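Notes for the one structure printed next.
Given the structure is predicted, the values throughout are model-derived calculations rather than measurements.
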Amino acid sequence: MAVLLAFTTPASAQLPAPPVVGTGPFQLGGYGSVTFSRPEHPEQIEGFQVSELAAALLAWGQITPRASYLVELDMAKRNSDTWTGRETSEAFAPVRLYVEYTASDMLRLRAGRFLTPVGQWNERHAEPLTWTPTRPLTTYRPFAKSVNGILAAGEGSLRGHDIGYALFWAPAWDLHGGLDEAEESRFVSALGAQIAGDVKPGLTVGVSAARMRRSHPYEGKPFAYQSPAYARLRRAPIVTADEPEVFDREEDVGHRTLLGADVRWTASDIELSAEGAWLPSAHGQPYEGGAFVLGAFRVRGPLWAVARAEVYSPVDRRTGRIAYAGLTLRANAHLVVKSGWQFSRNPSSKIPDGWFLSFSSLF
């Protein structure tokens, strides 16, 4: 599992778009997780239930000494970390599917489908690598989780500090727009970059920016429309603003600017991190964005106390304020157990409140 474990090493954990790690033409691995929850909202089912389920398969290897590939497939997945907050079920859905050419440490070229390099959480999204069983809204509502396009990335040293960059382009086409992403936010087109560096040992700071155009499930906003080009991509009939109820998805009127920032500090018994992502108002579309802070503190041995606080707006036309507190047991690379409680000040169907218990493993 070198391709996943590489995210936990200081040299590559926080730098954007880390390279494929490993030798040989073919290596196989994966991870799985199951999450049980007891919702607090009265409209939700009472009692504990399986709220998330995931089984992912990874394959990677070298084609030539300078060329490599990576495939990550969600073999089976059910979760509600989506734009609408509704549960989705996926099978054989590509999360990552790309080839990469390494010209030097400072220049790697990647083409295909890859994780969007914004912040840190999105590129460390696998359940065994995260601290909490729920995902912050900041890490998936403002932007698409994955990109179909081209990326240039590299890592180097500046005055003794590790630094890395990623520059990506998503052209105006969509290779993966099926029912399995019906509830997701996606890029219609995007151009963005991320830069991150180690300010001092254990402390990494990053900034992100993107000029993008999104689509997401229709929510009845008056500015939204479905462009003829996007309708053809979706193989859906072209509709007008006179028929908003038949919209499948809505698309930003024009390109918007995404701004992001992240910071992470790690020591032997503590980890503190924070991320923010913001979309200023444009083309009559309102401001959107938020931020979260997370702290993990070793209690004893592999047992950690974890707390997270987040603010995101809008969520159902209000500001969502979310808090999480719990315990995480990192027994080894093959077993991570998380248990905690999440509470929001302004309850919403997009924010899962209640008790959570999850088991995840690398294999």
Side-chain angles (χ1 to χ4, degrees), residues 16-17 72 82-84 93-100 108-119 122-123 125 137-153 165-195 206-219 221-241 244 247-260 277-289:
E72 180 182 351
T82 61
W83 175 269
T84 61
V95 178
R96 290 182 281 179
L97 178 59
Y98 63 79
V99 293
E100 183 171 275
R108 291 177 283 108
L109 300 176
R110 183 178 298 179
R113 183 171 178 82
F114 46 87
L115 297 171
T116 305
V118 174
N122 194 51
E123 293 194 300
H125 69 283
L137 301 179
T138 304
T139 66
Y140 66 88
R141 279 190 67 88
F143 56 90
K145 296 174 184 175
S146 295
V147 175
N148 300 318
I150 300 171
L151 176 141
Y165 76 93
L167 175 65
F168 71 91
W169 174 51
W173 41 261
D174 194 347
L175 289 174
H176 185 54
L179 294 176
D180 53 320
E181 279 199 330
E183 306 297 330
E184 294 283 2
S185 175
R186 293 204 298 271
F187 290 136
V188 176
S189 61
L191 176 65
Q194 183 184 26
I195 300 174
V207 293
S208 310
R211 187 68 174 166
M212 66 181 201
R213 192 166 186 166
R214 283 184 315 176
S215 81
H216 52 71
Y218 179 69
E219 289 190 327
K221 296 183 179 67
F223 61 79
Y225 76 105
Q226 189 180 52
S227 68
Y230 194 74
R232 287 193 293 272
L233 287 170
R234 293 283 300 145
R235 298 180 181 176
I238 299 174
V239 294
T240 67
F247 278 21
D248 180 18
R249 295 176 66 86
E250 61 186 3
E251 180 181 315
D252 289 341
V253 171
H255 283 79
R256 306 180 68 182
T257 299
L258 172 74
L259 302 174
W278 305 275
L279 283 167
S281 59
H283 307 287
Q285 298 157 121
Y287 160 88
E288 180 185 341

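Annotation for Thr116 and Ala144: closest pair OG1-O, 2.7 Å, computed over non-hydrogen atoms. For Ser281 against Arg256, the heavy-atom pair with the smallest separation is CA-NH2, 4.3 Å. Scanning both residues, Pro16 and Gln194, for their nearest heavy atoms gives CB-OE1, 3.4 Å. The two residues Met212 and Pro142 make their nearest non-hydrogen contact at CE-O, 3.0 Å. Between Tyr165 and Ala152, the shortest heavy-atom contact is CE1-O, 3.6 Å.
In this structure a side-chain-to-backbone donor-acceptor pair under 3.5 Å is missing from Asp252 to Arg213. The backbone N or O of Pro94 lies less than 3.5 Å from a partner atom in the side chain of Arg113, making a donor-acceptor pair.
Taken from OG in Ser208 to CG in Asn122, the straight-line distance is 10.0 Å, to the nearest 0.5 Å. The distance from atom CG of Leu191 to atom CG of Leu258, rounded to the nearest 0.5 Å, is 12.0 Å. Rounding to the nearest 0.5 Å gives a distance of 8.5 Å between OG1 of Thr138 and CH2 of Trp278.
Applying the side-chain contact (heavy atoms from CB on, under 4.5 Å) rule to Ala17 yields the partners Arg110, Glu123, Leu151, Ala153, Ala166; only residues at least two apart in sequence or on another chain are considered. Residues passing the salt bridge (charged side-chain N to carboxylate O under 4.0 Å, His left out) test with Glu288 are Arg214, sequence neighbours excluded.
Looking only at side-chain heavy atoms (C-beta outward), Thr82 and Tyr140 stay at 4.5 Å or farther from each other. Here the side chains of Arg186 and His216 are not in contact, with every heavy-atom distance at 4.5 Å or above. A 4.5 Å side-chain heavy-atom check between Leu109 and Glu100 finds every atom pair outside the cut-off. Inter-residue side-chain proximity for Ser146 and Val95 is flagged as met; some heavy-atom pair is nearer than 4.5 Å.
In the model, Thr139 has no side-chain atom that pairs as donor or acceptor with a side-chain atom of His125 under 3.5 Å. Between the side chains of Thr257 and Arg211, at least one donor N or O sits under 3.5 Å from an acceptor N or O.
Atom CD1 of Ile195 is surrounded by 12 or fewer heavy atoms from other residues, nucleotides or ligands within 6.0 Å.
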